[in-house]
Amino acid sequence: MPALRISELTIEYFQGGYSVRPVDAMTTEASDGELVLLLGPSGSGKTTLLSCLAGLLTPTSGRVAVGETEVTALEGNALAEYRRHGVGVIFQAFNLIPSLTARENVAAPMRLAGARRREANTRAEALLTRVGLKERMSHRPGELSGGEQQRVAIARALVHDAPLIVADEPTAHLDYVQVESVLELIRALAVSGRLVIVATHDERLTPLADRVIDLTPERTLAVGRREVRLAAGEQLFEMGDPADRVYVVDLGRIELFRPLGAGGEEFHAEREPGTYFGELGPLLGLPRSTSARALEDTVLTGFGPQEFRHWRAEKNDGA
Ligand code: ADP
Ligand code: MG
């Protein structure tokens with residue numbers, strides 16, 4: 001049985017009336033002992049997916065199973081228990097308590113779970129030794145470097161010996177010397193009995209991983225020009241679609257709009273002959289931020305990003 005199984009997972013947010021779907025019908029799995037990299041640029045859904053794996057966010061639909069635990073079916077006490085013991089979380093910003101020493105920060109979740117002070121301290125010391133902080137146990141976060149703070153956070157994530165460890169951009173705030181020690185440590189966590197999932201926007205980390213889950217939005221760059229004819233009411237693309245071409249209206253009219261959660265829509269803009277739309281998606285590698293539909297019989301030219309630059313340069317010269 002895989003250590004992690006994600007089936008048809010969809011997570012949708014509603015922002016100002018319309019929906020974004022950073023995770024869309026995702027199906028994947030990972031095995032015990034693996035280091036899995038969750039790769040994608042900012043906004044691609046890494047934190048969203050990790051939050052769902054950690055039981056902190058309920059998905060719109062689909063399932064997540066960690067070992068034999070069906071996380072997406074947990075409720076109430078069982079969910080609280082999973083969050084506390086089933087998964088260790090390492091945050092981008094360390095999330096250490098500034099007034100507590102390294103030892104106390106690591107001991108805190110054990111104390112919360114009812115462990116005695118002696119017992120919690122002994123285990124905290126063993127874990128801090130393991131992450132190379134034997135000499136730093138009595139320091140407070142403010143007296144530690146970023147890399148050392150991250151290692152305290154890693155030790156803390158290990159206290160309950162959870163079968164799943166998730167780390168959200170664990171190297172984002174570190175310099176290169178610190179990055180190395182933190183990555184070595186994370187790599188070493190991925191042993192039998194544990195699955196480690198690391199979210200990052202940094203593609204350079206891929207060689208470290210046993211498996212890569214790529215959340216990078218699809219980018220299909222078109223080349224050349226293409227004529228497109230639409231009948232009145234016909235849709236050209238939908239918000240969220242991968243963006244490949246920039247469109248110039250030759251004849252007719254295009255309406256840009258955003259579908260709303262409740263089935264309605266929000267008007268965004270209208271485009272007339274000689275004007276263009278949909279340029280940011282293909283140029284920046286982002287999905288369509290609106291839908292586009294013909295208001296009457298319409299003829300368009302769809303340009304690859306390169307040809308679009310030429311078209312605009314010529315147009316500006318002529319003006
Ligand atoms: P990443 O961690 O890869 O940068 P996120 O998971 O934080 O990506 O965000 C993915 C998308 O979901 C973004 O478009 C973001 O604006 C949106 N999003 C994230 N959290 C929320 C939220 N709580 N409410 C509404 N939209 C959100
Ligand atoms: Mg994030």
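For ligands, and for the atoms within them, numbers begin at 1 and follow the listed sequence.
The N/O atoms of V20, backbone and side chain alike, include none that comes under 3.5 Å of an N/O atom in ligand 1.
Looking from atom 24 (N) of ligand 1 to the surrounding protein, the closest heavy atom is Y13 CD2, 3.5 Å. The nearest heavy-atom contact from the protein to atom 8 (O) of ligand 1 is G45 N, 3.1 Å. Summary of contacts: the protein heavy atom closest to atom 3 (O) of ligand 1 is K46 NZ, 2.8 Å. Here the protein heavy atom with the shortest distance to atom 26 (N) of ligand 1 is Q15 NE2, 3.0 Å. The protein heavy atom nearest to atom 9 (O) of ligand 1 is T48 OG1, 3.9 Å.
At a cut-off of 3.5 Å, with distance as the only test, a side-chain donor of D214 or T216 sits close to an acceptor on the other residue.
Under a 4.0 angstrom heavy-atom cut-off, G43 registers as being in contact with ligand 1. Within the 4.0 Å heavy-atom cutoff, P41 counts among the residues contacting ligand 1.
Not a single donor-acceptor pair under 3.5 Å links the side chain of R245 to the backbone N or O of F308. Counting only distance, with no hydrogens or angles, the side chain of Q150 and the backbone of P170 share a donor-acceptor pair below 3.5 Å. Judged by distance alone, with hydrogens and angles left aside, the side-chain atoms of T10 form a donor-acceptor pair with the main-chain N or O of A25 at under 3.5 Å. T298 places a side-chain N or O within 3.5 Å of a backbone atom of R253 that can act as its donor or acceptor partner. Between the side chain of E143 and the backbone N or O of R140, at least one donor-acceptor pair lies under 3.5 Å. With E314 contributing its side chain and W311 its backbone, the two residues share no donor-acceptor pair below 3.5 Å.
A cation-pi contact, defined as under 6.0 Å to the ring centre and within 45° of the axis, is absent between R271 and F277.
Residue contacts to the Mg ion (ligand 2): T47 brings an N, O or S atom closer than 2.8 Å.
Within ligand 1, the atoms closer than 4.0 Å to a non-hydrogen atom of P22 are 10 (C), 11 (C), 12 (O), numbered from 1 in the order shown.
When the heavy-atom distances from atom 2 (O) of ligand 1 to T47, L49, V23 are ranked, the shortest goes to T47.
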